Amino acid sequence: MTQAPPPADMKLQRSSRDAATVPALLADWLATLLPAGADPQVVLHSGIDANGMSSETMILDATWTEDGEPRHGEYVARVAPAAADFPVFPSYALQEQYDAMRLVGELTDVPVPAVRWMEPTGTVLGTPFFLMDRVDGVIPQDVLPYNFGDNWLHDADHADQRRLQDRTVEVIAALHAIPDAGSTFAFLDPHQPGETPLARNLARTRAWYDFAVADIGRSPLAERGLAWLEEHLAEAETGETVLCWGDSRVGNVIYRDFSPVAVLDWEMAAIGPRELDLSWIVFAHRVFESITGMLELPGMPHFLREEDIVATYEQASGTTVGDLTWYHVYNAVQWCIVFMRTGARSIHFGEIERPDDIETLMHHKPLMESILDGAGA
């Protein structure tokens with residue numbers, strides 16, 4: 001049986017960091033970056049508990065003096081997790097995330113938060129981090145998922161939901177329109193063997209799965225998907241290379257008036273075919289819908305439908321989208337690995353007991369089995 005999602009009051013632990021020490025550490029670090037005599041002070045408000053399952057996110061204010069005048073900044077710190085805290089990914093290339101956001105901000109009108117300072121060494125907080133501007137707005141929640149009900153997005157009019165959907169797809173199209181993405185964002189090319197960006201993305205996912213197995217055990221379902229992907233890789237190659245946001249979900253966007261005002265979470269960014277992003281935004285919602293179906297909740301079946309996403313994207317981009325089946329299997333495997341890693345972390349922090357069958361951690365198991373069966377895997 002698929003494991004039910006956490007209760008509404010559960011805060012999934014992501015870090016063992018002592019938050020009480022953070023303000024002074026950040027203030028001392030900022031003092032080395034700001035003009036002499038700035039005397040920065042930092043107030044840490046909170047982390048973000050309703051969204052994201054990998055990096056640590058801290059909300060903070062900083063005040064200082066510059067040119068004799070008081071200054072104030074509202075920031076978000078994106079912090080790589082410590083190895084002891086069972087990170088989702090094998091490594092966190094925060095400099096690459098920082099550079100991707102900076103370049104997107106320079107090259108497009110896609111709304112990304114301005115990145116400010118990067119601390120790459122890990123000597124300040126124990127792991128690398130960067131600061132970016134804080135953007136006001138609302139985010140569709142992950143815990144509990146927005147389609148469970150009783151939240152601003154679920155309760156909105158269908159016309160507003162559709163506006164949010166279309167504007168988000170238009171953001172993805174704008175990212176994919178950046179010219180010469182393969183060279184401009186060459187640093188996002190997966191550092192794995194393979195003759196094409198897609199082959200290297202798949203090799204990175206295989207390595208990610210092997211990393212997850214060490215702490216939680218093997219998944220026959222994930223291995224079934226990986227074998228099919230490797231067998232059918234050539235059929236999915238499009239020859240096009242674009243900047244892929246990677247984690248292209250509505251839960252990674254800040255909205256105002258149902259339009260994006262900040263595109264967040266660039267840790268899965270890569271170069272590769274556009275279908276990677278288009279499948280991910282569809283598949284992520286299908287995962288949530290599969291859970292509501294299991295719980296006999298209404299869900300949002302009209303929202304983020306594949307045919308609507310593809311039609312909006314093709315109109316916005318002027319390109320034709322290829323078949324998404326291979327990419328749905330690929331993203332289903334990635335969700336397997338995410339659930340393996342977050343499950344291992346919840347076991348580590350004592351939030352759940354280790355299950356006899358690790359695939360009970362995979363909320364999307366029936367959905368993935370259906371997709372694999374449809375693909376003939």
Side-chain angles (χ1 to χ4, degrees), residues 4-10 48-53 57 59 76 108-113 134-177 245-265 274-275 277-319 321 324 328 331 335 363-364 367:
D9 60 350
M10 180 175 177
I48 294 177
D49 298 310
N51 286 64
M53 293 181 284
T57 305
I59 300 172
V76 172
T108 76
D109 59 1
V110 171
V112 291
R134 193 160 81 234
V135 179
D136 291 331
V138 290
I139 303 175
Q141 65 187 45
D142 290 344
V143 182
L144 292 169
Y146 56 83
N147 64 327
F148 277 39
D150 194 27
N151 61 78
W152 67 272
L153 178 55
H154 177 276
D155 298 340
D157 292 340
H158 282 201
D160 288 333
Q161 294 171 352
R162 183 59 186 254
R163 182 164 74 254
L164 180 146
Q165 173 182 302
D166 290 348
R167 298 295 89 77
T168 306
V169 173
E170 289 164 4
V171 160
I172 295 173
L175 291 172
H176 294 174
W245 173 12
D247 201 357
S248 52
R249 299 186 301 114
V250 296
N252 286 332
V253 182
I254 299 175
Y255 296 94
R256 286 200 298 268
D257 193 26
F258 299 92
S259 292
V261 292
V263 177
L264 311 173
D265 285 7
R274 66 187 75 244
E275 286 80 7
D277 275 343
L278 295 173
S279 168
W280 189 262
I281 190 172
V282 170
F283 192 84
H285 181 68
R286 291 180 69 184
V287 171
F288 288 165
E289 283 293 286
S290 69
I291 300 172
T292 58
M294 177 192 67
L295 298 176
E296 298 182 348
L297 296 174
M300 296 173 63
H302 61 283
F303 188 59
L304 294 174
R305 297 185 306 172
E306 179 175 334
E307 58 268 33
D308 296 332
I309 296 298
V310 169
T312 301
Y313 181 88
E314 290 184 338
Q315 182 177 14
S317 66
T319 61
V321 175
L324 295 182
H328 288 337
N331 287 326
W335 276 83
H363 304 312
H364 72 318
L367 170 63

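Treat the numbers as computed from the prediction; the structure is a model and nothing was measured. Only heavy atoms go into these numbers, but all of them, side chains included; no hydrogens, no water, no symmetry mates.
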Side-chain donor/acceptor of N252 to backbone N/O of D265, under 3.5 Å = no

Look up atom CD in E289 and atom CG in L304, then write down how far apart they are to the nearest 0.5 Å.
-> 9.0 Å

Going from CD1 on I139 to CH2 on W152, what distance comes out if it is rounded to the nearest 0.5 angstrom?
-> 9.0 Å

No-hydrogen, no-angle side-chain donor-acceptor test under 3.5 Å, H364 and S290 = no

Could you pull out the closest heavy-atom pair between P140 and V250, with the gap in Å?
-> CD-O, 3.3 Å

Check against side-chain contact (heavy atoms from CB on, under 4.5 Å), H302 and R162 = CA-CA 9 Å; H302 61 283; R162 183 59 186 254; over 6 Å; no

Look at R163 together with D160 and state whether they make a salt bridge at an N to O cut-off of under 4.0 Å.
-> yes

Applying side-chain contact (heavy atoms from CB on, under 4.5 Å), run through F303 and F288 and close with a yes or a no.
-> CA-CA 11 Å; F303 188 59; F288 288 165; over 6 Å; no

Do H154 and Q161 have a side chain donor and acceptor closer than 3.5 Å?
-> no

Please report the shortest heavy-atom distance between H328 and S279, naming the atom on each side.
-> ND1-OG, 2.8 Å

Are side-chain N/O atoms of R167 and Y255 paired as donor and acceptor at under 3.5 Å?
-> no

Of the options D247, I254, V253, which is the one that meets L264 in a side-chain contact (heavy atoms from CB on, under 4.5 Å)?
-> I254

Scanning both residues in full, the closest heavy-atom pair of Y313 with A173 reads CE1-CA, 3.6 Å

Rounded to the nearest 0.5 Å, how far apart are CG of N151 and OH of Y146?
-> 10.0 Å

Distance-only polar pair, side chains of H176 and D277, donor-acceptor under 3.5 Å = yes

Specify the closest pair of heavy atoms between V263 and V112, including all atoms of both residues, with the distance to one decimal.
-> O-CG1, 4.0 Å

Main-chain N/O of A159 paired to D157 side chain as donor or acceptor, under 3.5 Å = no

Calculate, to the nearest 0.5 Å, the distance between atoms OG1 and CZ belonging to T319 and R274 respectively.
-> 4.0 Å

Please name the pair of heavy atoms, one in I309 and one in Q165, separated by the smallest distance, quoted to 0.1 Å.
-> CD1-CG, 3.8 Å

Charged N to carboxylate O below 4.0 Å: is that the case for R249 and D142?
-> yes

Evaluation steps, side-chain contact (heavy atoms from CB on, under 4.5 Å), between V321 and E306 | CA-CA 11 Å; V321 175; E306 179 175 334; over 6 Å; no

To the nearest 0.5 angstrom, please state how far the CD1 atom of I281 sits from the CH2 atom of W245.
-> 6.5 Å

